[in-house]
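In this text the structure is predicted, and so the values were computed from the model without any measurement.
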2 protein chains.
Amino acid sequence: MDRRQEILEAAAKSFSLFGYKATTMDQVAKIANVGKGTIYTFFTNKEELFNAIVLKMIEEMRAASDLVAVEGGTFELNVHARLMQLLKFRKTHQLYAKLIDEEKELRTPAVTEVLAQIEREIVSYVKLKIERAVGRGELKPCNSELIAYLLFKSYLALIVDWEKTHDMELTEEQIATLLSDTIFKSLLR
Amino acid sequence: MDRRQEILEAAAKSFSLFGYKATTMDQVAKIANVGKGTIYTFFTNKEELFNAIVLKMIEEMRAASDLVAVEGGTFELNVHARLMQLLKFRKTHQLYAKLIDEEKELRTPAVTEVLAQIEREIVSYVKLKIERAVGRGELKPCNSELIAYLLFKSYLALIVDWEKTHDMELTEEQIATLLSDTIFKSLLR
DNA sequence: TGGATGACCGGAATGGTATTTTAGTCAGTC
DNA sequence: GACTGACTAAAATACCATTCCGGTCATCCA
């Protein structure tokens with residue numbers, strides 16, 4: 001198998017298991033059965049290797065989100081399913097969960113940056129979906145950036161924040177109904 | 001002037017200026033012109049003194065919120081005005097701003113706890129307002145806890161979080177319109 | 001003689017320094 | 001010439017000495 005691939009797999013494993021700060025380049029080299037110098041022929045530094053791994057994760061997330069979207073489904077149906085899926089990754093996906101933990105505990109700058117980037121991408125993806133739906137006449141024209149932001153933050157609040165202060169987690173049903181009656185409804189043409 | 005009051009004022013000054021961690025009991029005693037031991041005849045420890053100061057701040061906030069509410073105004077008008085006012089305190093009020101900063105930088109547990117408490121109180125206050133409005137027939141019956149939470153988080157996102165990633169701060173007009181069209185509208189009977 | 005005080009105590013925070021760890025390099029190997 | 005791992009400088013960590021600070025209490029007046 002080619003060395004670049006070995007390195008990527010080793011790095012993915014190590015970052016998922018130990019996070020960014022606690023994985024060392026020696027560690028990655030050893031797992032990949034490669035001299036440390038070899039890593040630097042493919043990636044300029046640790047952070048770039050990390051970014052490559054995160055990029056792969058983002059691809060996975062995009063694919064998982066596509067999997068729950070229904071061709072020809074309504075804007076609401078699809079955006080709801082996608083955001084639920086994407087936000088579940090925070091607990092489910094080993095690397096994502098590890099990074100969130102590292103952000104909370106260590107505040108590693110590289111990790112903070114990457115997590116912010118992921119959120120920006122999700123919001124900008126939702127924004128795109130809104131604009132498409134407006135374009136085909138499903139939704140009223142609106143400030144898509146603002147609505148995308150509000151939608152994302154609402155899901156984040158209901159899925160992630162709620163359970164930190166309340167002991168019963170909200171059901172998907174509750175979330176769907178609540179946002180359907182409020183934000184989504186108001187967007188319809 | 002009575003010693004308890006002197007101590008409270010000294011503590012308020014010191015906490016506002018230096019935050020929780022960086023104010024020392026010796027400091028408070030000196031400002032209050034009081035022996036350190038005297039403080040402990042009125043407050044069992046530093047944290048209780050702190051809680052007393054924060055309680056005063058919460059009273060101030062409640063009063064400021066009452067000031068912007070209009071007797072006989074609609075639910076939307078009043079809740080909007082109150083939440084805007086309350087959230088402005090995060091930048092405006094010296095102690096509040098200091099505590100938010102300390103929470104971000106130091107994560108002092110006593111501060112974390114107090115900030116969480118303030119948020120819980122705001123949400124529970126909004127919840128009460130919702131229930132009153134439902135009671136008088138202005139709003140449809142609903143899950144008041146959930147709606148209060150969503151409302152609070154939405155305002156927080158639009159007022160506080162938005163400007164961290166976007167360079168133009170949202171106008172009150174934009175926020176009012178957005179939430180009026182979405183969440184508030186859906187609550188009306 | 002009882003409320004007030006500040007010297008005092010122990011544990012925690014801080015600072016300074018010796019040691020280890022680690023990202024990144026590069027001379028040497030195959 | 002692709003690959004390696006010993007090497008380097010810088011950063012992180014561990015260590016210890018010192019300071020700092022919350023809380024106490026024997027002492028002191030009023």
Under the 4.5 Å side-chain heavy-atom rule for ILVMFWY, direct or indirect, which residues accompany [X]?
| X | answer |
| --- | --- |
| B/Val68 | none |
| A/Leu17 | A/Phe18 |
| A/Leu128 | none |
| B/Leu106 | none |

| message | Going by side-chain hydrogen bond (donor to acceptor under 3.5 Å, both in side chains), name the pairs with one or both residues in residues 71-93 of chain B, residues two or more places apart or in two chains. | response |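 Pairs touching residues 71-93 of chain B that pass the test: B/Glu60-B/His93, B/Ser65-B/Arg82, B/Asp66-B/Arg82, B/Glu76-B/Ser180, B/His80-B/Tyr155, B/His80-B/Glu172, B/Arg82-B/Tyr125, B/Arg90-B/Glu119, B/Lys91-B/Glu163.
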| What residue pairs, at least two apart or across chains, pass side-chain hydrogen bond (donor to acceptor under 3.5 Å, both in side chains) with a residue in residues 128-138 of chain B? | B/Glu131-B/Ser144, B/Arg136-B/Glu138
| Among residues 10-17 of chain A, which residues get a heavy atom nearer than 4.0 Å to DNA chain D? |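 Nothing qualifies; none.
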| Reading nucleotides 19-26 of chain D 5' to 3', which nucleotides get B (base under 4.0 Å from a protein heavy atom), which S (sugar-phosphate only), which -? | --SBBB--
| field | Under the side chain to side chain donor-acceptor pair (under 3.5 Å) test, residues paired with A/Glu169 that sit two or more places apart | value |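 A/Glu169 satisfies side chain to side chain donor-acceptor pair (under 3.5 Å) with no other residue.
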| Would you call the rings of A/Trp162 and B/Tyr149 parallel, tilted or perpendicular if under 30° counts as parallel and over 60° as perpendicular? |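 The rings of A/Trp162 and B/Tyr149 stand perpendicular, inter-plane angle above 60°.
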Rounded to the Å, how far apart are [X] [atom1] and [N] [atom2]?
| X | N | atom1 | atom2 | answer |
| --- | --- | --- | --- | --- |
| A/Asp2 | D/dC3 | CG | C1' | 15 Å |
| A/Phe42 | D/dG1 | CZ | P | 16 Å |
| A/Asn33 | D/dA2 | CG | P | 21 Å |

| Sequence-distant partners of A/Lys36, salt bridge (Lys or Arg N to Asp or Glu O under 4.0 Å), two or more places apart |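 By the salt bridge (Lys or Arg N to Asp or Glu O under 4.0 Å) rule, A/Lys36 matches A/Asp26.
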| By salt bridge (Lys or Arg N to Asp or Glu O under 4.0 Å), which residues pair with A/Glu48, not counting sequence neighbours? | none
| So where does chain B start and stop touching DNA chain C, 5' to 3', when the test is distance under 4.0 Å to a non-hydrogen atom? | C/dA4 to C/dT14
| request: Ignoring backbone atoms, establish whether A/Arg3 has a side-chain N or O less than 4.0 Å from OP1 or OP2 of D/dA2. | output: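 So the side-chain polar atoms of A/Arg3 never come under 4.0 Å of the phosphate oxygens OP1 or OP2 of D/dA2.
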